[in-house]
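The structure appears below as structure tokens.
This one's a predicted model, so the numbers in the text were calculated from it and none came from an experiment.
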Amino acid sequence: MAEDGSLSRFVYSGIDRETAERIGALPTGRGVLGVVLEQAHPLRLADLADHPRSVGFPPAHPAMRSFLGAPIMARGKVFGRLYLTEKQGAATFSDQDERIAMMLAAQAGVAVENAALYDQVHARGEQLGRRLAQMASFELVARMVLAESTTTDEVLLSAVEEARLLTGGTRATLMMLDPSTHQLRIRHAV
């Protein structure tokens, strides 16, 4: 689910791709599907059309009567919903079906949360890598400044190259003010 509560992804099973394309736009979650999100508990119906929040189906949508919806949750947060329709071999879904759907929805919630946590850890790792590279660059230039055998030009050239590497630039230029003409002059370009 997106931050605004809309669907960010819709995965389906039981209909072919052509039928899905004929149906058109994805559900928005305002009707019966919205109830599962809002109330964060399972919902079983013998006939979808009998529910007060039922909004009907698009013209190419397959017929659906029986319904079982389960919220996909982890740590009290709703990430989405799992829903099943048209119970095979029976008019309605059973208590056992509901328990299975809730178990699968809980596993999906853990998977979604783990994927989000992985993305956060990966982003923080990249950020840490950038910070470490910055520290190493600062240390390198500082050591050059303190070394007696390093010339000013060598320090400036190293600083320009480190700036280019840290920013991911393809080129870097160091310009300095000429005290006699008060104009900028290129001192180093890499």
Side-chain angles (χ1 to χ4, degrees), residues 1-13 17 20-21 23-30 33-42 69-83 100-190:
M1 242 172 35
E3 291 294 323
D4 66 358
S6 65
L7 290 174
S8 59
R9 187 169 183 203
F10 189 82
V11 180
Y12 56 87
S13 176
R17 185 181 185 117
E21 288 173 1
I23 291 171
L26 297 175
T28 59
R30 290 193 189 100
L33 295 181
V35 173
V36 176
L37 292 176
E38 293 161 14
Q39 296 179 1
H41 62 74
I72 297 174
M73 299 176 64
R75 297 185 194 216
K77 181 179 178 189
V78 178
F79 289 101
R81 63 200 156 228
L82 167 69
Y83 75 90
I100 290 169
M102 288 298 291
M103 186 173 46
L104 291 171
Q107 290 174 344
V110 169
V112 169
E113 184 182 40
N114 285 345
L117 290 172
Y118 174 81
D119 289 345
Q120 289 175 4
V121 167
H122 184 71
R124 287 183 180 162
E126 286 181 348
Q127 183 181 30
L128 179 59
R130 285 191 299 275
R131 297 282 165 95
L132 289 172
Q134 289 171 351
M135 295 296 291
S137 292
F138 297 152
E139 181 184 0
L140 173 67
V141 173
R143 270 195 261 126
M144 290 181 78
V145 166
L146 296 173
E148 292 179 19
S149 61
T150 308
T151 67
T152 301
D153 269 353
E154 289 172 328
V155 172
L156 293 175
L157 181 60
S158 180
V160 171
E161 179 62 19
E162 291 299 317
R164 185 188 68 76
L165 291 172
L166 287 173
T167 61
T170 56
R171 290 184 170 69
T173 304
L174 173 68
M175 300 180 82
M176 297 188 71
L177 188 62
D178 183 331
S180 62
T181 64
H182 298 289
Q183 293 186 353
L184 288 173
R185 301 271 188 230
I186 293 176
R187 183 81 179 256
H188 292 286
V190 293

Pairs of donor and acceptor atoms involving the side chains of residues 117-134, under 3.5 Å and at least two apart or interchain, shall be tabulated with distances.
residue : atom : partner : partner atom : Å
His122  : NE2  : Glu126  : OE2          : 3.1

Closest heavy-atom pair and its distance - Ala74, Glu113: CB-OE1, 3.6 Å

Atom pair CE (Met102) and CD1 (Ile72), whose distance is rounded to the nearest 0.5 Å: 10.5 Å

Taking every non-hydrogen atom, the tightest pair across Ser158 and Leu140: OG-CD2, 3.8 Å

Val190: partners by side chain to side chain contact (heavy atoms under 4.5 Å, CB included), with sequence neighbours left out: Leu157, Val160, Glu161, Arg164, Ala172

Working for side chain to side chain contact (heavy atoms under 4.5 Å, CB included), residues Thr152 and Arg187: CA-CA 11 Å; Thr152 301; Arg187 183 81 179 256; 4.3 Å; yes

With Ala159 via side chain to side chain contact (heavy atoms under 4.5 Å, CB included) - residues at least two apart: Val141

Table please: side-chain donor-acceptor pairs of residues 179-186 below 3.5 Å, with sequence neighbours left out.
residue : atom : partner : partner atom : Å
Ser180  : OG   : Asp178  : OD1          : 2.7
Thr181  : OG1  : Gln183  : N            : 3.4

Partners passing side chain to side chain contact (heavy atoms under 4.5 Å, CB included) against Thr151 (at least two apart in sequence or in another chain): Asp153, Glu154

Which residues share a side chain to side chain contact (heavy atoms under 4.5 Å, CB included) with Ser137, sequence neighbours left out: Glu162, Leu166

Minimal non-hydrogen separation, Pro42 against Pro71, with atom names: N-CD, 3.9 Å

